[in-house]
Number of protein chains: 2
Amino acid sequence: MILEKKKIFNDFATSKGLRSTRQRDIILDIFLSTHQHVSVEELYLKIKFSNPGIGYATVYRTLKLFVEAGLAREILLHDGQTRYEHIVAGEHHDHLVCTGCNSIIEFEDETIEKLQNEIAARHGFMIKSHKMEMYGLCAACRQ
Amino acid sequence: MILEKKKIFNDFATSKGLRSTRQRDIILDIFLSTHQHVSVEELYLKIKFSNPGIGYATVYRTLKLFVEAGLAREILLHDGQTRYEHIVAGEHHDHLVCTGCNSIIEFEDETIEKLQNEIAARHGFMIKSHKMEMYGLCAACRQ
DNA sequence: TTGCTTTTGATATTCATTTTCAGTTACTGG
DNA sequence: CCAGTAACTGAAAATGAATATCAAAAGCAA
């Protein structure tokens, strides 16, 4: 699956006439090794650890490329930090965000997806992406 | 309905020991006269027109109070501007955002709401709020 | 390798939002 | 009604995430 994603990125790079660089390889590797919802800061620190010398701006730039390539998606929570999550082809999940401990639970619901498409169609919309977030207290924080 | 909202804010202010000020009254009035999804900038300009002298910071501060009071909700789109929308008790709507012309269509779907509650329950979550946004091209922009 | 173009890293910049702080205003007790 | 005190305001400075700039470095085609 990781190889598959690397291929997606390489194909994207080729089609765009982008060059293949050490930095982009490293950033992709590390991004793919992370869990969902990395903030740029988190990713940058992780990269810096094994590869000092890679600059902040490059991480930003490269993440934007991942979004363009369809590998990642930007998500905005309410802490002022943009996060990036992995896109898995044919799969879409949404988020339960605990406002107590900031943990995030993912879920997927086919029925909701279908309803979303119906609603979009009803309004003449052509949907490219969507997101859904539910805020509340997780089981642990309710106590 | 407007009076009702003013009462909600007054009650909130009283319970929090906040003072009643001319500025807050004006900002609430103008906020209530806006449509959905005002950015701070938009609101500030509108306020400035009839009430020069009211400062940017006060508008920011006051909008946060409206959120606390349950009158407004912050929404984050992808243009770097925080927007505020009205909360109508017992009603919840979601958004279709056109990435072509930035227009926003609102919709409401009871079935989705129900599904969300079921999902939350399944995960032991107590939901406080949620949001759903679908991005794509509206009918006009598809052409 | 040469020459050209993209990419990078450090830094400066931008822009939304928050903080600071001195002056002003609202409320409370007398 | 007045004075004291604490909250509120406005202007300006500060912050912090994200972007732009630019000289140096690196990829790529011939």
Side-chain angles (χ1 to χ4, degrees), chain A residues 9-31 37-69 72-85, chain B residues 9-31 37-69 72-84 102:
Chain A
F9 185 66
N10 287 335
D11 291 350
F12 167 78
T14 304
S15 77
K16 281 270 180 178
L18 302 178
R19 291 181 177 169
S20 155
T21 71
R22 192 178 60 86
Q23 288 87 335
R24 297 215 259 240
D25 289 347
I26 291 169
I27 296 173
L28 180 54
D29 268 343
I30 297 184
F31 175 66
H37 322 115
V38 227
S39 67
V40 185
E41 176 73 12
E42 282 162 8
L43 193 62
Y44 174 68
L45 290 176
K46 199 159 182 178
I47 289 167
K48 194 104 186 172
F49 185 70
S50 49
N51 290 81
I54 290 189
Y56 222 108
T58 304
V59 176
Y60 270 98
R61 285 187 282 236
T62 307
L63 283 170
K64 297 259 175 217
L65 291 179
F66 295 168
V67 171
E68 262 193 85
R73 178 187 299 126
E74 284 187 343
I75 56 181
L76 304 174
L77 304 184
H78 282 81
D79 63 350
Q81 296 247 124
T82 299
R83 286 157 200 285
Y84 288 85
E85 73 172 6
Chain B
F9 185 67
N10 286 337
D11 290 351
F12 167 79
T14 305
S15 78
K16 283 268 176 178
L18 302 179
R19 292 181 176 168
S20 155
T21 70
R22 190 179 60 86
Q23 289 87 335
R24 299 216 258 241
D25 288 347
I26 291 169
I27 296 173
L28 180 54
D29 269 341
I30 297 186
F31 175 67
H37 321 116
V38 228
S39 68
V40 186
E41 175 74 13
E42 283 161 7
L43 193 63
Y44 173 68
L45 290 176
K46 199 159 180 178
I47 289 167
K48 193 103 189 174
F49 184 72
S50 49
N51 290 81
I54 290 192
Y56 223 111
T58 303
V59 176
Y60 269 96
R61 285 189 280 235
T62 307
L63 283 170
K64 299 258 174 217
L65 290 179
F66 294 169
V67 172
E68 262 193 87
R73 178 186 299 124
E74 285 188 344
I75 57 180
L76 305 173
L77 304 184
H78 282 81
D79 63 349
Q81 297 246 128
T82 300
R83 286 156 200 285
Y84 288 84
N102 278 315

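Proteins come first, then strands; the chains are lettered A, B, ... in the order of their sequence lines, and each starts at number 1.
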Quick one: salt bridge (Lys or Arg N to Asp or Glu O under 4.0 Å) pairs with a partner in residues 46-56 of chain B, sequence neighbours left out?
none

So the salt bridge (Lys or Arg N to Asp or Glu O under 4.0 Å) pairs with at least one residue in residues 13-27 of chain B (sequence neighbours excluded) are B:Lys16-B:Glu68

Roughly how far, to the nearest 0.5 Å, is the CG atom of A:Asp79 from the OG atom of A:Ser39?
8.0 Å

Pairwise 5' ranking along DNA chain C for B:Glu74 and A:Thr62, keeping only the more 5' one:
A:Thr62

Reading 5' to 3' through nucleotides 20-30 of chain D, protein heavy-atom contacts under 4.0 Å coded B for base, S for sugar-phosphate only, - for none:
BB----BBS--

What are the two closest non-hydrogen atoms of [X] and [Y], and how far apart are they?
{"X": "A:Ile27", "Y": "A:Val59", "value": "CD1-CA, 4.0 Å"}
{"X": "B:Phe9", "Y": "B:Leu65", "value": "CE1-CB, 4.1 Å"}
{"X": "A:Arg83", "Y": "A:Glu42", "value": "NH1-OE2, 3.7 Å"}
{"X": "A:Gly55", "Y": "A:Tyr44", "value": "C-CE1, 3.8 Å"}

State, with a plain yes or no, whether a side-chain heavy atom of B:Leu76 is found less than 4.5 Å away from one of A:His78.
yes

Tell me, do B:Ser50 and B:Ile30 make a side-chain contact under 4.5 Å, heavy atoms counted?
yes

Heavy atoms within less than 4.0 Å of DNA chain C: which residues of residues 42-54 of chain B have one? Give them sorted by number.
none

One would report the end-axis bend of the helix from C:dT1-D:dA30 to C:dG30-D:dC1, five pairs per end and rounded to 10 degrees, as 40°

Non-neighbouring partners of A:Phe31 that pass side chain to side chain contact (heavy atoms under 4.5 Å, CB included), sequence neighbours left out
A:Thr34, A:Val38, A:Leu43, A:Leu63, A:Phe66, A:Ala72, A:Tyr84, A:His86

Please identify each residue that fulfils side chain to side chain contact (heavy atoms under 4.5 Å, CB included) with B:Gln23, with sequence neighbours left out.
B:Thr21, B:Ile54, B:Thr58

Roughly, in whole Å, what's the span from CG in A:Leu65 to C1' in D:dT19?
14 Å

Restricting to salt bridge (Lys or Arg N to Asp or Glu O under 4.0 Å), what partner residues turn up for A:Glu41, sequence neighbours left out?
none

Applying ring pair (Phe, Tyr, Trp, His ring centres under 6.0 Å) to B:Tyr60 and not counting sequence neighbours gives B:Tyr56

Could you write out each protein N or O paired with an N or O of nucleotides 15-18 of chain D at a distance under 3.5 Å?
residue : atom : partner : partner atom : Å
D:dA17  : OP1  : A:Gln81 : OE1          : 3.3
D:dA18  : OP1  : A:Thr82 : N            : 3.2
D:dA18  : OP1  : A:Thr82 : OG1          : 2.3
D:dA18  : OP2  : A:Tyr60 : OH           : 2.5

By side chain to side chain donor-acceptor pair (under 3.5 Å) - contacts of A:Asn10 (at least two apart)
none

Nucleotide range of DNA chain C lying under 4.0 Å from chain A heavy atoms:
C:dT5 to C:dA10

